[in-house]
S.K.: 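The structure under discussion is supplied below as structure tokens; questions concerning it will follow.
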Amino acid sequence: MAAKEKAAGVLATPATAETNTEHAYFTADRSEAKQIATIRAQFALRGFEVRDSHVGGWLVSRWGWARHCLDLAELRRLLEQIGGAA
């Protein structure tokens, strides 16, 4: 086996990949998904529901009240307004 070849079944990880542009993309995507999941949990602890909006962003609701947040920054601001830590 040549020095640059990988054995069958070896995954491209940061340690084994020389240049893996997909890794940075998927890591950023997972990071944002994790942030959204954390924010949803913070809202849930305060009795709010956060759903994906069909027009983009999220719909935050509680007891008949609802607010549409277009981006993650707006969602964080709303969480701070209700006493959550973003």
Side-chain angles (χ1 to χ4, degrees):
M1 180 179 333
K4 298 235 178 196
E5 289 182 35
K6 294 181 204 163
V10 174
L11 297 175
T13 62
T16 61
E18 292 174 15
T19 57
N20 187 353
T21 56
E22 290 180 1
H23 176 73
Y25 172 77
F26 289 120
T27 301
D29 191 38
R30 286 186 192 136
S31 175
E32 184 175 312
K34 186 175 180 179
Q35 291 174 29
I36 293 167
T38 300
I39 290 172
R40 282 180 193 246
Q42 291 289 326
F43 273 107
L45 288 171
R46 287 155 182 79
F48 289 82
E49 180 182 13
V50 179
R51 291 184 287 163
D52 293 335
S53 173
H54 68 281
V55 294
W58 299 272
L59 187 64
V60 180
S61 61
R62 177 181 175 183
W63 300 336
W65 171 89
R67 179 163 172 190
H68 183 249
C69 296
L70 285 174
D71 58 17
L72 197 52
E74 193 174 349
L75 197 59
R76 283 189 182 117
R77 281 193 300 274
L78 180 58
L79 180 59
E80 288 175 7
Q81 287 176 357
I82 64 163

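What you see is a predicted model, and the numbers here were worked out from it, not measured in a lab. The figures that follow rest on heavy atoms only: side chains count, while hydrogens, waters and symmetry mates do not.
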S.K.: Please report, to 0.1 Å, the donor-acceptor pairs under 3.5 Å made by any side chain of residues 55-65, with sequence neighbours excluded.
M.R.:
from: Trp58; atom 1: NE1; to: Asp52; atom 2: OD1; distance (Å): 3.2
from: Arg62; atom 1: NH1; to: Arg46; atom 2: O; distance (Å): 3.1

S.K.: Check whether any side-chain heavy atom of Leu75 sits under 4.5 Å from a side-chain heavy atom of Phe43, and report yes or no.
M.R.: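 Leu75 reaches Phe43 side chain to side chain.
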S.K.: Nearest 0.5 Å, please: how far is CG in Leu79 from CZ in Arg76?
M.R.: 9.5 Å
S.K.: How far apart are the closest heavy atoms of Glu74 and Leu70, and which atoms are they?
M.R.: OE1-N, 3.1 Å
S.K.: Go through the steps for Val50 and Ile36 under the test side chain to side chain contact (heavy atoms under 4.5 Å, CB included), then give the verdict.
M.R.: CA-CA 10 Å; Val50 179; Ile36 293 167; over 6 Å; no
S.K.: With rounding to the nearest 0.5 angstrom, report the CG to CD distance, Leu78 to Glu80.
M.R.: 10.0 Å
S.K.: Just verifying a value: how many Å separate Arg51 CZ and Arg40 CZ, rounded to the nearest 0.5 Å?
M.R.: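 With rounding to 0.5 Å, CZ (Arg51) is 10.0 Å from CZ (Arg40).
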S.K.: What residues form a side chain to side chain donor-acceptor pair (under 3.5 Å) with Arg67, not counting sequence neighbours?
M.R.: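 With neighbours one apart ignored, the set is Gln81.
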